[in-house]
Amino acid sequence: MVGKTESQNGAVKATAAPAMNLESDLFSNFSFKSFKLKTKQQELLLRVSILGLVYILAFITRLFSVLRYESMIHEFDPYFNYRTTLFLTEKGFYEFWNWFDSESWYPLGRIIGGTLYPGLMVTAAFIYWTLRFLRFAVHIREVCVLTAPFFASNTTVVAYFFGKEIWDSGAGLVAAAFIAICPGYISRSVAGSYDNEGVAIFALLLTFYLFVKAVNTGSLAWALASAFGYFYMVSAWGGYVFIINLIPLYVLVLLITGRYSMRLYVAYNCMYVLGMLLAMQIRFVGFQHVQSGEHMAAMGVFFLMQVFYFLDWVKYMLSDTKLFQAFLRITVTSAIAVGALALGVGTASGYISPWTGRFYSLLDPTYAKDNIPIIASVSEHQPTAWSSFMFDFHILLFLFPAGLYFCFKKLSDATIFIVMYGLTSMYFAGVMVRLILVATPAVCLISAIAVSATIKNLTSLLRTKSKTAVAGSSKGTGGSKASSKASFDQSQPFQKNGAIALLLGAFYLLSKYATHCTWVTSEAYSSPSIVLAARGAHGNRVIFDDYREAYFWLRQNTPPDAKVMSWWDYGYQITAMGNRTVIVDNNTWNNTHIATVGRAMSSYEDEAYEIMRSLDVDYVLVVFGGVTGYSSDDINKFLWMVRIGGGVFPVIKEPDYLVNGDYRVDKGAAPKMLNCLMYKLSYYRFGELVTEYGKPPG
Amino acid sequence: MARSTGKDAQALFHSLRSAYAATPTTLKIIDLYMGFAVFTALIQVVYMAIVGSFPFNSFLSEVLSCVGTAILAVCLRIQVNKDNKEFKDLPPERAFADFVLCNLVLHLVIMNFLG
């Protein structure tokens, strides 16, 4: 951890040093011309130091849980990522890429090499090997814990460049500051949250920035860079489907609004072909880019572009418009016919697979609840409430429409892109809580445009009586426009006072935003969820480390080939920390296997014993919170076990466990509930107030 | 009706030919290269239809290699063409260097994907 901040400080100092040297040189030869240059150097120094401070801020605001508890991996999914990264650093890339794991999903096993997104693990391993090469003796766990904050800092830098591309450097700086502390992003990138999204949001913003840069410049080099950015995104997260659908949609909108140009052709085609080829190198993605319905939009737009530009070229070559109209009609009808035929045949014959349940439930939110209980049961997949939006975005929520207004006032290829990104991501954020994360960069960028434009207008109102030299400074790209506007408004009294009042109001709002974000980070998003803290009777802090103690007990007191049955939530943690084989884990790729475990948990003891014998189970792990009032234990999740088990085995019926439609666990509970395995294991000798929980019985 | 469309098609064909003859030789060379790539892709598709697509990654890599080189040739043509006002600041050496770089990446990935 020390090594990281040192290298960041070194980077900041190195970029600030040449600026300082130039400034001292200019001080020595003091002439009239050097006055203008000095301002430019000052502005550069200001920008670099602001960006440096934002970089450091983004890193340290995510360190709450490391300071309060210890440097450890949080939650459930990160433990799997940690285990795979450990394997990668110990055994090398070739073993990792071809790994078949028999320790999870007993007796099926899991082809880990082919069913994961390797980007995060490879990134962390690369950082680890670099630090080791520089003779910093770090442990891989420290690297894993701090990967997400490091990449959050890098995201702020990308946001700065993106804002500069869309609007100007002021908006870029504000965007970097917003995204550094925005709770929507912090929630998934806090230190210890070693999950795909930490790296994926960086890759997402990078890909979008490089693509917009390619469209703006029309250069093949930038399009190649955006193809590599897309490759990194595909290797990092399954949410790359968002990119491969947003970019064709954006191209389509540009074509329809008549903003097509040669630059667009170069940018999209190079990025699509190279990006698709690179993406197919990831085994988990495989041939989906040509076979899955989710990726067909990109291919459709690709063919559409070929037709479109071919027609454009023919029109340019021909001098006779009437002839061209006839040609146009023939070509368009034949192209549409061929396209529709290909799509129809592909979908009907099943070659092009339809949209998978995970993404289809984004378009039709009721789909998962009726058909796929596993997807519906995850709490992050529920629709978002307004309070979540306010909690995660604060003032950005009303700055977002203001920014949209500014974008529409100054439409260009880049602003059209950010508007589309913002609108589509806000729709998806409304459907699923987890996707607020994807909307966060767009909201930050658009709000930054609003803040930057407003503050710029207000400050230029304050400087109406300034010299021409200052008006020509680099701070005012809209300076000439604003000064003419200011001279027009000279007649209004109290104009300056009004501007000062509004500026103070704006700064007050921004400071409240910073306070809110820090409070949210500290209270809500910094809990490791594997270690719990509470206040004891005398106000002292009580730490519950029961999860880790239970896993360590398993590791030390059971034979190495013991098999543990638990609900799928704990699978990754048991394999990572307990080092034992599990029956089901968080990958949830086999619904029937999970339903078997669910059936075992909800059956009478003798039936459950038969099922467990058939699965070769030696130990059962159950989490019970009745002693401490811990509310997210297995009794609370029990109805989901019943629903999932009942989805596959009709012998488990949910109404059997309810009393008049109510879920009760006290004396008046349903008889089947009182006698099922989960209840018996949880409340075993509870009457004697046993103070330990999570202990596996034999 | 059929005669008028036939005459239209002939007139179209003639005017296209005469307009195309006026393009510079460098662009015609690039067009020839692109035509060769598309022709190779067609041959490969016909071969796949006859023999079957078993190592699908090989088929995909070869088709995408041909399509990729065709696309990159078209991009080069766009950037080098003096009639395109958007690219008049771009020196043709830079356009060619980008073309070579992208082709290098394309063929490296293809070689990895051929399997």
Side-chain angles (χ1 to χ4, degrees), chain A residues 214 216-225 227-228 231 260-283 286-287 289-291 299 302-303 305-306 309-310 312-320 322-331 351, chain B residues 4-5 7-23 31 53 56-57 59-61 63-72 74-79 81 83-87 89-90 94-110 112-113 115:
Chain A
N216 273 345
T217 57
S219 140
L220 264 181
W222 283 109
L224 178 69
F228 273 114
F231 171 56
Y260 58 88
S261 60
M262 291 300 162
R263 297 173 280 123
L264 181 67
Y265 183 86
V266 171
Y268 179 67
N269 280 314
C270 176
M271 189 243 178
Y272 178 61
V273 173
L274 282 173
M276 178 164 76
L277 261 177
L278 283 168
M280 290 202 276
Q281 308 307 308
I282 309 287
R283 279 170 65 192
F287 302 130
H289 275 74
V290 292
Q291 283 180 341
M299 191 180 284
F302 175 68
F303 284 121
M305 278 196 98
Q306 309 310 315
Y309 279 81
F310 178 65
D312 202 44
W313 180 67
V314 167
K315 181 163 144 192
Y316 166 75
M317 299 276 277
L318 287 180
S319 43
D320 190 350
K322 219 170 62 157
L323 222 51
F324 173 67
Q325 296 290 356
F327 180 69
L328 176 68
R329 262 183 293 122
I330 301 171
T331 319
Y351 186 73
Chain B
S4 69
T5 44
K7 278 177 94 171
D8 268 346
Q10 267 198 347
L12 187 72
F13 191 59
H14 279 306
S15 59
L16 271 178
R17 265 188 91 168
S18 54
Y20 188 67
T23 55
D31 288 341
S53 72
F56 193 57
N57 54 325
F59 168 64
L60 260 186
S61 65
V63 165
L64 282 175
S65 155
C66 295
V67 168
T69 46
I71 294 288
L72 288 174
V74 171
C75 292
L76 177 67
R77 187 187 198 275
I78 288 174
Q79 287 182 335
N81 196 355
D83 294 333
N84 280 334
K85 291 174 286 308
E86 286 167 356
F87 287 108
D89 295 332
L90 191 72
R94 162 81 196 265
F96 187 67
D98 283 345
F99 172 73
V100 167
L101 178 67
C102 289
N103 263 317
L104 201 65
V105 171
L106 176 74
H107 288 100
L108 276 174
V109 180
I110 294 292
N112 181 38
F113 197 41

Are there more than 12 heavy atoms of other residues, nucleotides or ligands under 6.0 Å from atom OH of B/Tyr20?
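More than 12 within 6.0 Å, yes.
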
Can you confirm whether A/Phe287 is buried at CZ, in the sense that more than 12 heavy atoms of other residues, nucleotides or ligands lie under 6.0 Å from that atom?
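Yes - once you tally the heavy atoms of other residues, nucleotides and ligands closer than 6.0 Å, there are more than 12.
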
side-chain contact (heavy atoms from CB on, under 4.5 Å), that's the test. Do B/Val74 and A/Tyr309 meet it? Break it down for me.
CA-CA 11 Å; B/Val74 171; A/Tyr309 279 81; over 6 Å; no

Distance-minimising heavy-atom pair for [X] and [Y]:
X	Y	result
B/Cys75	A/Val266	SG-CA, 3.8 Å
A/Thr217	B/Phe87	O-CE2, 4.2 Å
A/Ala221	B/Arg94	CB-NH2, 3.8 Å
B/Arg77	A/Trp313	NH1-NE1, 3.7 Å

Measuring from A/Leu278:CG to B/Phe113:CZ, what's the distance to the nearest 0.5 Å?
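Those atoms lie 10.5 Å apart.
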
Reported CG-to-CG distance for the pair A/Leu220 and B/Leu101, which is rounded to 0.5 angstrom
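Here the interatomic distance stands at 9.0 Å.
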
At a heavy-atom separation under 4.5 Å, does A/Phe302 approach chain B through its side chain, its backbone, both, or neither?
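The answer is the side chain of A/Phe302.
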
Quick one: what part of A/Met280 sits under 4.5 Å from any heavy atom of chain B, side chain, backbone, both or neither?
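Both parts, backbone and side chain.
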
Please answer whether the main-chain N or O of A/Met262 pairs with a side-chain N or O of B/Glu86 as donor and acceptor at a distance below 3.5 Å.
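Present.
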
What part of B/Asn84 is in contact with chain A, defined as an atom under 4.5 angstrom from a non-hydrogen atom: side chain, backbone, both or neither?
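Only the side chain of B/Asn84 comes within 4.5 Å of chain A.
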
Between B/Ile110 and chain A, which part of the residue has a heavy atom less than 4.5 Å away: side chain, backbone, both or neither?
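B/Ile110 touches chain A through side-chain heavy atoms alone.
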
Determine the option with the most heavy-atom pairs under 4.5 angstrom with chain A, choosing from B/Asn112, B/Leu76, B/Val67.
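It is B/Asn112.
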
Looking at chain B, which one of A/Ile330, A/Leu277, A/Val273 has the largest number of heavy-atom pairs inside 4.5 Å, strictly under?
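The candidate making the most pairs under 4.5 Å is A/Leu277.
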
Go through the steps to decide whether B/Ile71 and A/Tyr265 satisfy the test side-chain contact (heavy atoms from CB on, under 4.5 Å), and finish with yes or no.
CA-CA 10 Å; B/Ile71 294 288; A/Tyr265 183 86; 4.2 Å; yes

Run the numbers on A/Leu274 and B/Val109 for side-chain contact (heavy atoms from CB on, under 4.5 Å), then give the verdict.
CA-CA 9 Å; A/Leu274 282 173; B/Val109 180; 5.7 Å; no

